[in-house]
Each structure stands twice: as structure tokens, then as C-alpha cells.
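Some notes on the structure that comes next.
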Amino acid sequence: MTLEEKIGYKFQNEKYLRRALTHSSFSNESKDKPESNERMEFLGDAVLSLVVSDYIFHRYHLDEGDLTKIRASIVCEKSLFRFAQEIGLGDELLLGRGEEQMGGRTRPSVVSDAFEALICAIYLDGGLDPAARFILRFALEELEETDRHAFVDYKTRLQEIIQQNPEEKVTYVLVKEEGPDHDKHFEVEVRLNSNVIGRGRSGSKKGAEQLAAKEALELMGQK
């Protein structure tokens, strides 16, 4: 299977793909000095940040600090290296002899930078839409983990506070569900006995519960 088949995109201009795969070590050792992927990393990083920021902005009704944390978990070197490994990107790189001998094909910094360059290549060749589809193919998997694990502290902290009074009981109630399957939105109320003490809205039930718990904590003067 070719790299284009793995990424699900056919380049109109192959020069973008080749440049995205060209490490500076290869360029420096070549007689014709082809342009390396360093400049493409810069633009690819910006496209990646834009696409992820736009998606999580509309999916999660969170404050700036929490949105920044989610974005950082997706665009970090560790995540990008894992995404690149899924398509075997390291095997496709054009490396200089020294970088090859030093294990550049499996070096996270080298491979994750090439992944950003590949994003740029798709963007330059086909525009933002195919670049976004490529990015979200990987980012959505990461966000599923975020939905399962992020913000557990809000519910846990609320439960710890409520448990100080054994007669009190907290429940989470789904009050609204709307939108098509690929873009669901859930609204949840957290109730102390029968009183609503917080509401949350998110692209997942668990996310909405976390936001409801967060609002309840704020009502109690907890941050």
C-alpha cells in the first residue's frame, strides 16, 4: 500500500508530497539541494492548530484554559508521533546518511515534524477541507480518550464534598439530546437531592456531566 493510499489522499502535484518527506539532512547531502520540509512544518503546525481548535471549540463548551489543555494533548509531539506511526511515515522519509544511521526514522522529533509537513502538503495541494479530514481522522480518536478521561476531577471533587453530608445525594440527569449522530449535543443537570445545582452541555454525556459538576463547584465557591 502506498503512502497516498494509507492517508486517503491523492496528490495532484507530487512535489508537495516529496518535499514533505525530505529531511534537512537529505537536502544537505544532495548535490541539487532540494528544499527540505522545515518550512512546511511551520505551516502544517498552523493548519493543525486551526483545525483542532475549531473542532474542539464547537464540540466542548469549556473555558479557554480547558480548551487549551485539550488542544495541547492532541498537537503535542507524542500524539503526532503516534499518528505518524499509524501510517508508517518514518519508513517514507528521505534522510541523509548520518540521520539514517542515528535512527531518524524512529526519532519522535523527526517523524512528528514530518507529519506536520504532510498536513501542509495536503493543504497546499488540495486546500483546507482535505487537510481537515486528514487531521480529524486521527484527532477524533484522541478526543474519544479525552471524553473518557478528561475532567474527572470535577465529578470526583463534587462527590467528595457531598459525601461530607451522608444524607445528601447527587444525581446526573440527561435533560436534552439533539443533533445528528455525527454531531450530538447533550445537556445534563446535576441535582443535589431534587435541586438543580449545575448544568452542562457537551458533545458527549460524560463531558456534559463534567461541566455540570464544574458549574456546581463554582456555585459552592470551589474552583
Side-chain touch [X]/[Y], heavy atoms, less than 4.5 angstrom:
{"X": "His185", "Y": "Glu177", "result": "no"}
{"X": "Leu17", "Y": "Ile122", "result": "no"}
{"X": "Glu64", "Y": "Lys69", "result": "no"}
{"X": "Leu211", "Y": "Glu187", "result": "no"}
{"X": "Phe138", "Y": "Glu86", "result": "yes"}
{"X": "Arg137", "Y": "Arg133", "result": "no"}
{"X": "Val188", "Y": "Gln210", "result": "no"}
{"X": "Cys120", "Y": "Leu124", "result": "yes"}

Could you tell me whether a side-chain N or O of [X] sits under 3.5 Å from a main-chain N or O of [Y], the two making a donor and an acceptor?
{"X": "Ser49", "Y": "Asp45", "answer": "no"}
{"X": "Glu168", "Y": "Asn165", "answer": "no"}
{"X": "Thr106", "Y": "Gly103", "answer": "yes"}
{"X": "Asn193", "Y": "Asn195", "answer": "no"}
{"X": "Ser73", "Y": "Ile70", "answer": "yes"}

Roughly how far, to the nearest 0.5 Å, is the [atom2] atom of [Y] from the [atom1] atom of [X]?
{"X": "Ile119", "Y": "Leu50", "atom1": "CD1", "atom2": "CG", "answer": "11.5 Å"}
{"X": "Ile135", "Y": "Leu48", "atom1": "CD1", "atom2": "CG", "answer": "5.0 Å"}
{"X": "Glu209", "Y": "Leu158", "atom1": "CD", "atom2": "CG", "answer": "11.5 Å"}
{"X": "Thr156", "Y": "Glu160", "atom1": "OG1", "atom2": "CD", "answer": "6.5 Å"}
{"X": "Ser194", "Y": "Lys169", "atom1": "OG", "atom2": "NZ", "answer": "11.5 Å"}
{"X": "Asp113", "Y": "Met40", "atom1": "CG", "atom2": "CE", "answer": "13.0 Å"}

Query - Lys155 NZ/CZ over Tyr172 ring centroid, <6.0 Å and within 45° of normal - result: yes

Requested in this report: Would you check, one step at a time, whether the test side-chain contact (heavy atoms from CB on, under 4.5 Å) holds for Ile161 with Leu217?
Outcome: CA-CA 9 Å; Ile161 292 172; Leu217 287 166; 3.7 Å; yes

Hydrophobic cluster membership, [X] vs [Y], 4.5 Å side-chain cutoff:
{"X": "Leu140", "Y": "Ile56", "answer": "yes"}
{"X": "Phe11", "Y": "Leu94", "answer": "no"}
{"X": "Leu192", "Y": "Leu174", "answer": "yes"}
{"X": "Phe26", "Y": "Val110", "answer": "no"}
{"X": "Leu128", "Y": "Ile74", "answer": "yes"}

Work out which heavy atom in [X] is nearest to a heavy atom in [Y]; give both atom names and the distance.
{"X": "Ile197", "Y": "Leu219", "value": "O-CD2, 3.6 Å"}
{"X": "Ala117", "Y": "Asn37", "value": "CB-CB, 3.7 Å"}
{"X": "Ala131", "Y": "Val47", "value": "CB-CG1, 4.2 Å"}
{"X": "Gly207", "Y": "Ser202", "value": "C-CB, 3.6 Å"}
{"X": "Leu80", "Y": "Glu116", "value": "CD1-OE2, 3.5 Å"}
{"X": "Arg97", "Y": "Glu29", "value": "N-OE1, 2.9 Å"}

Are [X] and [Y] near enough that their ring centres are under 6.0 Å apart?
{"X": "Phe115", "Y": "Phe134", "answer": "yes"}
{"X": "Phe83", "Y": "Phe81", "answer": "no"}
{"X": "Tyr123", "Y": "Tyr16", "answer": "no"}

[X] and [Y] ion-paired at < 4.0 Å:
{"X": "Arg107", "Y": "Glu99", "result": "yes"}
{"X": "Arg105", "Y": "Glu100", "result": "yes"}
{"X": "Arg201", "Y": "Glu178", "result": "yes"}

Query raised in the report: What do the steps show when you test Val170 against Gln159 for side-chain contact (heavy atoms from CB on, under 4.5 Å), and what is the final call?
Result: CA-CA 8 Å; Val170 168; Gln159 190 63 35; 4.3 Å; yes

Query raised in the report: Should we say atom NZ of Lys6 is surrounded by more than 12 heavy atoms from elsewhere, each under 6.0 Å from it?
Result: yes

Query raised in the report: If you draw a 6.0 Å radius around NZ in Lys33, do more than 12 non-hydrogen atoms from other residues or ligands fall strictly inside?
Result: yes

Report summary line: The single option from Ser25, Ser24, Ser30 that satisfies side chain to side chain contact (heavy atoms under 4.5 Å, CB included) with Ser36 is Ser24

Query - Step-by-step salt bridge (Lys or Arg N to Asp or Glu O under 4.0 Å) determination, Arg39 to Glu35 - result: CA-CA 9 Å; Arg39 279 167 41 84; Glu35 185 175 350; 3.1 Å; yes

Report task. Go through Arg18 and Leu21 one step at a time and tell me if the side-chain contact (heavy atoms from CB on, under 4.5 Å) criterion holds. Result -> CA-CA 5 Å; Arg18 182 176 176 81; Leu21 300 175; 5.9 Å; no

Query - Check: Arg191/Thr171 side-chain N/O donor and acceptor closer than 3.5 Å - result: no

Query raised in the report: Would Leu3 and Glu92 satisfy side-chain contact (heavy atoms from CB on, under 4.5 Å), going step by step from the backbone distance to the final call?
Result: CA-CA 8 Å; Leu3 181 59; Glu92 306 289 340; 4.1 Å; yes

